Amino acid sequence: MQSVKNKLVLITGATAGIGKACATLFAQNGANLILLARRENLLIELQLKLQSEYNVVVIPLVCDIRNAHEVKKSFNSLSEENKKIDILINNAGMARGIDKLQDGLIENWDEMIDTNLKGLLYITREVLPYMIEFKKETAHIINLGSTAAHDVYPGGNVYCATKFAVKAITKSLRMELLEHYIKVSTVDPGMVETDFSYVRFPDDSTKAKNVYSGLTPLVAEDIAETILFCATRPKHVNINELVITPTAQASSNFINKK
Ligand code: 8X3
């Protein structure tokens, strides 16, 4: 097992849900963090909390992952030393709506594609040249996929497409980075109770809540522990793809609700 102590870990979408749980768990384990998110107040609050509780360095990067120019500018605002990321956790992602394609809102599609797919590409594009030059044989990219990268469901059209794309990028990267011994993983959760469903159904909190009724869903900490597990495997071990669901969920479409 390897330790993440003193490693530099960049987490996107770090102020809520799985991203925040990862930030907390990696800080607890002694990692220094670069936390990227849009909401400056939440980011600063988390920075101060983690720095004082765990005595680690936490650098906030206020940035909209959907904006290529902003991502580049924020990354370039880091010192040369802080650009040498050991572990990149591409967590930022979201779903909007569950409409059939003929009823879909283009702004929802754009938001999902821009965040889940293009945002992941933008930040990875910045981080990778430094990993390849300075962190060969030690770096690790961990992407947040989804069970939606494995099975589709009605109304999942664009969201599932973004997660299938994350899987394709992960697999392609794994091959591209093989020569550098840089690890690449995807962690693919099923139902995790975060604000995910509230973001998906912003105008219907009952619908959002009902997604998890009748079963015990995963919580953000379950996924953070899984990500830490991937990040702490021995040097010769790469977790390529890890699918994790509640015990009551066998796949996107098979769920045992009481
Ligand atoms: C989240 C899982 O089932 O809402 O990525 O698509 S699901």
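Atoms within each ligand, like the ligands themselves, are counted from 1 in listed order. What you see is a predicted model, and the numbers here were worked out from it, not measured in a lab.
- By the side-chain hydrogen bond (donor to acceptor under 3.5 Å, both in side chains) test, Ser197 pairs with Tyr212, sequence neighbours left out.
- A donor and an acceptor atom, one from each side chain of Asp151 and Asn253, are nowhere located under 3.5 Å apart.
- Legend: ring pair (Phe, Tyr, Trp, His ring centres under 6.0 Å) pairs involving residues 93-114, not counting sequence neighbours: none detected.
- Residues in residues 43-72 take part in these salt bridge (Lys or Arg N to Asp or Glu O under 4.0 Å) pairs, two or more places apart or across chains: Lys49-Glu53, Asp64-Arg66, Arg66-Glu111, Lys72-Glu126.
- Remark: Ile227 CD1 to Leu242 CG distance equals 9.5 Å, nearest 0.5 Å.
- A salt bridge links Glu137 to Lys235: at least one charged side-chain nitrogen sits closer than 4.0 Å to a carboxylate oxygen.
- Closer than 4.0 angstrom to ligand 1 lie heavy atoms from Ser146, Thr147, Ala148, Tyr153, Tyr159, Gly190, Phe196, Arg200.
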